[in-house]
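First comes the structure, then the notes that go with it.
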2 protein chains.
Amino acid sequence: MDGDHGQEAGGPRVRADARRNEDALLEAAKAIFAASGVDAPAREIAARAGVGVGTLYRRFPSRADLVIAVFKREVDACTAEAVVLASGHPPGEALALWLRRFTRFIAAKRGLAQALHSGDPAFQALPDYFRQNFEPALAGLLDAAVDVGAVRSGIEPYELLRAIGNLAAIKGAEPEGETSVMVELLIDGLRLSAGKVPPAAG
Amino acid sequence: MDGDHGQEAGGPRVRADARRNEDALLEAAKAIFAASGVDAPAREIAARAGVGVGTLYRRFPSRADLVIAVFKREVDACTAEAVVLASGHPPGEALALWLRRFTRFIAAKRGLAQALHSGDPAFQALPDYFRQNFEPALAGLLDAAVDVGAVRSGIEPYELLRAIGNLAAIKGAEPEGETSVMVELLIDGLRLSAGKVPPAAG
DNA sequence: TTATATACGGAACGTCGTTCCGTTTAGCAA
DNA sequence: TTGCTAAACGGAACGACGTTCCGTATATAA
């Protein structure tokens, strides 16, 4: 998705331990950002990753670098799952499963919202990255589900993304509580099963 | 405006040096907030005020306490000036002078905007304080100017406040530059002098 | 003037971001 | 396997900062 990460082309350009550590750093940062926000101490992230702070700063010179890398990595993981789900479930089910997965993605991003709106120009590209990856991913699932008659047509992928985003981002609501109930309502509302008709036709 | 500050009623309740220091602290914080934002180091503020950090923390235990106190103090100073100007100038002139004064107030508050929108509940009362003080102050000047025919009628004080606020708060614009030019246009637009007619009638 | 509550100042402590460099090690070649 | 070298590591060290604490100074009342 990005350029090469120094693995496939030619001889080993990046040492294996370096890549392992980068991975551990991103994993640790993801967990700690979710738990304590994006301002969590650098030492804490390095410790959880099992590396020294020097390694953290060498790989991610600024806090924004790390935040952006974590964000993109999770976006990529979430969109990749759309493909997996689509190939292992009926379209309607795949769509529902992925929307729940997306809900978890949003719920884990609470700490990020503040950084996004902080005015730091380093984060300007993130909303675009968000949309350019999620919109096609959802569109694929949605189209497939519409094709087999599992959900109604006429839903704009981006509007659905925003709707769930707004539901899941409600401050103070815990991920497993009311939020997911609301999202389930939304998912149910998409369905076009026997015995259900669009509200307008009632 | 607040409760008593321990001066007028009964015997001296607060030591004179304490009040002097509080004043110096607020004055120093005002200058440093304007220059470096509301996250400026506590030591720097204390040093400029000529007191120790202990004194700063005794008087303003949290950063929000200091920010709020500075904000209210400046609001009070700006509204008080409305009265002074009204009693020393013709109504139309008093209005123009005060609007320029208000523009300077807003321009000095750039650092505050971020704190205001930080979600800290300590700042929730500030927008109300802003409006409840500025709106009557401007309304008085405006009414007087309308009465003598210096400016057109039908202007809502709060909308004018917001208009200037939006002009003066444009990021990157220096207080003495384009911003004041735009505000002057606005002030001119208010005037109802011979030879000018409202745009709609042209 | 003296007593005392009040307020002051700044050293001290812990946390954090960031840098720097001596040490370790992955990858390659012989 | 062994040695070599460049890459990468790790964590001590430094400075800035928030915050606390208490010995000292002083404003005020008697």
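Order of the sequence lines fixes the chain letters, A, B, ..., with proteins taken first and strands second; residue numbering starts at 1 for each chain.
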Side-chain heavy atoms of A:N133 within contact of A:K72, under 4.5 Å: no
Rounded distance (Å) that lies between atom C1' of D:dA7 and atom CZ of A:R58: 9 Å
Pairwise 5' ranking along DNA chain D for B:D17 and B:A42, keeping only the more 5' one: B:A42
Pair of N/O donor and acceptor under 3.5 Å linking D:dG18 base with B:R43 side chain: yes
A:I68 and A:F60, any side-chain heavy atoms less than 4.5 Å apart: no
side-chain N/O B:R63 vs D:dG18 OP1/OP2, d < 4.0 Å: yes
A:R20 CZ to D:dC9 C1', straight-line distance once rounded to whole Å: 12 Å
Between C1' of C:dT19 and CG of A:L56, the distance in whole Å: 13 Å
Residue met sooner reading DNA chain C from 5', once A:G54 and A:A40 are mapped to nucleotides: A:A40
Donor/acceptor link under 3.5 angstrom from A:R15 side chain onto base of D:dA8: no
Atom pair distance, as rounded to whole Å: CG in B:L25 and C1' in C:dC8: 12 Å
Rounded interatomic separation in angstrom, taking CD from B:E22 and C1' from C:dC8: 15 Å
Sugar-phosphate only, base, or nothing, as touched by A:R59 at under 4.0 Å among non-hydrogen atoms: sugar-phosphate
Pair A:F123 + A:F71: ring centers closer than 6.0 Å: no
Protein-nucleotide distance (A:I32, atom CD1; C:dC16, atom C1'), rounded to Å: 14 Å
Main-chain N/O of B:D76 paired with B:T79 side-chain donor or acceptor, under 3.5 Å: yes
Where A:R63 and A:I45 come nearest, the two heavy atoms and their spacing: NH1-CD1, 4.3 Å
B:T55 side chain near C:dA7 phosphate (N/O to OP1/OP2, under 4.0 Å): no
Between D:dA8 (P) and A:F60 (CZ): distance, integer Å: 14 Å
side-chain N/O B:N21 vs C:dA7 OP1/OP2, d < 4.0 Å: no
Out of D:dG18, D:dA27, D:dT19, whichever nucleotide has its closest atom nearest the side chain of B:V53: D:dT19
Interatomic distance where CD1 belongs to B:I45 and C1' belongs to C:dG9 [whole Å]: 17 Å
